[in-house]
There are 2 protein chains.
Amino acid sequence: MGIAERKEREKEQRRQAIIDAAEKVFFTKGYDSSTMDDIAEAAELSKGTLYLYFQSKDELHFEIMDRGNEILMGFMEKAIDPEKSGRENLRFLGEAFVEFSNRYPEYFQAMMFFQSRDVVQQKLNEQKLKKFIEGRSSISLLNAMVTKGIADGSVRNDLPVSHLTTLLWSQMMGILVMYSTKKPAFEYQQISRDQLVSIHLDLVRDGLKPRHTEDSGHE
Amino acid sequence: MGIAERKEREKEQRRQAIIDAAEKVFFTKGYDSSTMDDIAEAAELSKGTLYLYFQSKDELHFEIMDRGNEILMGFMEKAIDPEKSGRENLRFLGEAFVEFSNRYPEYFQAMMFFQSRDVVQQKLNEQKLKKFIEGRSSISLLNAMVTKGIADGSVRNDLPVSHLTTLLWSQMMGILVMYSTKKPAFEYQQISRDQLVSIHLDLVRDGLKPRHTEDSGHE
DNA sequence: CAATAAAATGACCGACAGTCATTTTTTATA
DNA sequence: TATAAAAAATGACTGTCGGTCATTTTATTG
């Protein structure tokens with residue numbers, strides 16, 4: 001009996017349709033200013049129905065972040081050139097990130113600024129956490145390229161992979177977030193984002209080079 | 001007649017008392033979960049009175065951020081050693097930032113996570129913007145040390161001061177924010193924040209060295 | 001064509017930021 | 001000191017919104 005399967009399919013379609021609607025509304029009015037009734041109207045459903053598919057407004061936000069992450073992953077995977085060294089690929093990944101934020105600014109925003117709501121802080125600690133570290137995430141790609149870089153000798157091997165990876169990710173995130181939130185200040189100082197990122201990636205590239213000298217004073 | 005002056009003084013005292021109360025409540029329950037009635041109760045005033053002194057809940061948040069910024073400034077000013085090179089001082093500033101976030105985690109949180117609310121985004125564009133760039137802000141201190149570093153030859157001079165400054169600020173911010181929001185993930189990977197920051201500061205120190213010359217004469 | 005199950009609805013609730021007519025307190029005036 | 005005027009404070013009230021649930025509508029089954 002294919003009815004069950006069809007129902008399953010329809011349910012998933014409706015789920016996606018709701019996310020589509022939420023996306024449209026969020027991207028237009030911003031998260032805080034969007035109401036569940038707005039989303040319901042956009043989805044041509046009643047508010048109650050939304051709650052049959054999602055537990056909360058926050059959950060809709062999460063779904064959109066997931067979509068963004070998928071897209072970002074695509075960009076990054078495409079950017080990798082297996083022929084090139086790990087260190088070169090790390091630069092490609094950085095550039096892919098920027099390209100993503102240019103091409104999909106709304107997704108980028110959604111991914112950047114979901115932090116902060118105190119509620120959200122807790123929810124992460126569960127399944128999402130594992131996903132963040134091990135799952136199909138952008139970080140895992142970054143991790144792979146750091147590892148590759150160390151293996152092929154293009155990246156210094158005196159620093160732990162996990163530390164380098166998170167460092168690269170956090171730094172880039174910090175730059176892009178800062179630029180987004182303080183854009184007018186940057187423009188006022190005539191700092192373009194591409195310039196900034198380019199300088200950053202240059203500094204990182206140099207910083208990752210293997211130390212040919214045995215010095216450097218950290219532990 | 002000192003009545004006007006006394007009133008002025010009392011008004012300012014009450015203002016501060018309200019901020020004190022808001023601080024207590026925000027730091028205990030978190031911003032989103034705190035209600036204006038909570039704050040009113042803590043301040044032993046009615047809610048209406050709060051609105052005679054502040055326009056909104058957000059404004060109270062801003063005030064607390066300002067306090068945090070003052071404290072941070074103090075830390076940074078104290079950290080500067082005029083005898084040492086600009087490049088060394090930049091490291092001191094980084095360490096001061098971390099120390100601040102250890103000593104005053106609630107202020108730190110408040111300063112980190114005020115971004116995101118879509119409303120807030122707009123409000124910055126006005127006076128706050130100038131303050132951010134030119135005012136008595138942590139960034140201006142950073143800027144001064146970059147400038148000093150270039151002048152004394154301890155920092156490479158082939159990159160614009162403004163870019164370097166914002167880069168350093170954004171990177172550090174990114175690392176600390178990421179660590180705060182994803183703390184469990186970091187702990188799971190046994191990455192300590194101090195380690196991470198230390199590696200970051202090392203990389204920065206190396207990256208800032210003048211190119212083409214192995215200048216270390218100012219150390 | 002019932003009987004039943006699944007899906008959808010929208011009126012309703014509680015919580016909360018913000019308002020404002022009224023009351024209380026302080027100051028100025030005579 | 002008595003009283004008018006100004007300043008400060010109050011808290012009942014409003015509108016909004018996320019989330020709920022008893023009821024209705026639609027689809028499935030026998």
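Small disclaimer: the values here were computed from a predicted structure and weren't measured. Quick note on labels: first sequence line is chain A, next is B, and so on, each numbered from 1.
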Subject >> Side-chain heavy atoms of A:L167 within contact of B:L203, under 4.5 Å >> reply: yes
Original post:
Cut-off 3.5 Å, side chains only: do B:N143 and B:S140 have a donor facing an acceptor?
Top reply: no
**OP:** Rounded off to whole Å, could you give me the NE2-to-P distance for the B:H61 and C:dA17 pair?
**Re:** 14 Å
Original post:
Over how many whole Å does the gap from B:E10 atom CD to C:dT27 atom C1' extend?
Top reply: 12 Å
Subject >> Exercise: do B:R193 and B:S101 side chains pair donor with acceptor under 3.5 Å >> reply: yes
Original post:
Are A:Y51 and D:dT20 close enough that a side-chain N or O sits under 4.0 Å from OP1 or OP2?
Top reply: no
Original post:
How close or far is atom P of D:dC17 from atom NZ of A:K57, stated in whole angstroms?
Top reply: 9 Å
**OP:** Could you tell me the separation between the CD atom of A:E41 and the P atom of C:dG10, rounded to a whole number of Å?
**Re:** 12 Å
**OP:** Classify the side-chain pair A:S138/A:N69 by whether it contains a donor and acceptor separated by less than 3.5 Å.
**Re:** yes
Subject >> Euclidean distance, atom CD of residue B:E59 to atom C1' of C:dA17 [Å, nearest integer] >> reply: 14 Å
**OP:** Nearest whole angstrom, please: distance from the P of D:dA8 to the CZ of B:R6.
**Re:** 11 Å
**OP:** Summarise how protein sits on nucleotides 9-16 of chain D as a single string, 5' to 3': B when a protein heavy atom is under 4.0 Å from the base, S for sugar-phosphate-only contact, - for no contact.
**Re:** BBB-----
Original post:
In whole angstroms, how far is the P atom of C:dT25 from the NZ atom of B:K7?
Top reply: 14 Å
**OP:** Would you mind reading off the distance between A:K11 atom NZ and C:dA5 atom P, rounded to a whole angstrom?
**Re:** 17 Å
Original post:
Quick check, are the ring centers of B:Y107 and B:F100 under 6.0 angstrom apart?
Top reply: no
Subject >> Evaluation steps, side-chain hydrogen bond (donor to acceptor under 3.5 Å, both in side chains), between A:T49 and A:S46 >> reply: CA-CA 5 Å; A:T49 304; A:S46 74; 3.1 Å; yes
